[in-house]
Amino acid sequence: MSDTAEQKPEEDVRQTEITGLLPVLSQLDKTAAELEQLTAAGKEVTTGQIAAYEMEAAHARHLVNAAGVTTQEIADAEQQHRSDGDPGFTGRALDHATHTRHFQPTPSTPTPDREHEQDIDL
């Protein structure tokens with residue numbers, strides 16, 4: 001068997017591995033954009049949304065590190081598979097994976113205290 005024939009399957013495996021990162025990066029980009037929009041608009045940001053973002057960032061960081069891929073390899077894969085996210089999503093997602101933002105939950109609307117309510121006898 002020639003060296004070229006042996007390299008082709010290895011290259012295909014590598015490309016498949018890199019392509020498999022795209023959905024994770026796309027989701028991280030979407031989650032981060034949503035949190036940024038909510039924060040900018042002064043809308044409610046829950047601890048659950050923040051936890052999901054942090055978990056997605058940690059997951060993406062782990063997968064990228066485990067695969068040992070470069071930023072350029074991921075950018076090239078994005079160019080080949082444009083339908084996985086908005087243009088530039090891999091760069092933004094990698095930035096979030098390596099520099100996770102610290103979002104703060106917005107205070108929830110206070111609910112009336114039962115102790116301060118007056119009971120009305122009918």
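In what follows, residues are counted from 1 in the order of the sequence shown. Keep in mind that the numbers below use all heavy atoms, side chains included, and drop hydrogens, waters and symmetry copies.
In plain terms, the two heavy atoms of L35 and V45 that are nearest each other are CD2-CG1, 3.5 Å. Residues T46 and P105 come closest through the heavy atom pair C-CB, 4.3 Å. Counting all heavy atoms, side chain and backbone alike, E44 lies closest to L38 at O-CD1, 3.8 Å. The two residues H59 and V24 make their nearest non-hydrogen contact at ND1-CG1, 3.9 Å. Taking each heavy atom of L21 and A67 in turn, the nearest pair found is CD1-CB, 4.4 Å. The shortest non-hydrogen separation linking A77 to L22 is O-CD1, 3.7 Å.
Defined by atom type and a distance below 3.5 Å, a donor-acceptor pair is missing between the side-chain atoms of Q80 and D76.
When atom types are taken as modelled, the side chain of T19 and the backbone of Q15 share a donor-acceptor pair closer than 3.5 angstrom.
Note on L28: it does not cluster hydrophobically with L94, by side-chain heavy-atom contacts below 4.5 Å among ILVMFWY residues. A continuous path of ILVMFWY side-chain contacts below 4.5 Å connects V69 to F89, so both sit in one hydrophobic cluster.
Here E11 does not pair with R14 in a salt bridge; the nearest charged N to carboxylate O distance is not below 4.0 Å.
Only one option out of E78, E73, Q79 pairs with T90 in a side-chain contact (heavy atoms from CB on, under 4.5 Å); it is E78.
Residues forming a ring pair (Phe, Tyr, Trp, His ring centres under 6.0 Å) with F103 (at least two apart in sequence, or on another chain): Y53.
Here the side chains of E17 and V13 are not in contact, with every heavy-atom distance at 4.5 Å or above.
To the nearest 0.5 Å, atoms CD1 (I50) and CD (Q104) are separated by 6.5 Å.
Applying the salt bridge (Lys or Arg N to Asp or Glu O under 4.0 Å) test to residues at least two apart or on different chains, none of the pairs has a partner in residues 51-69.
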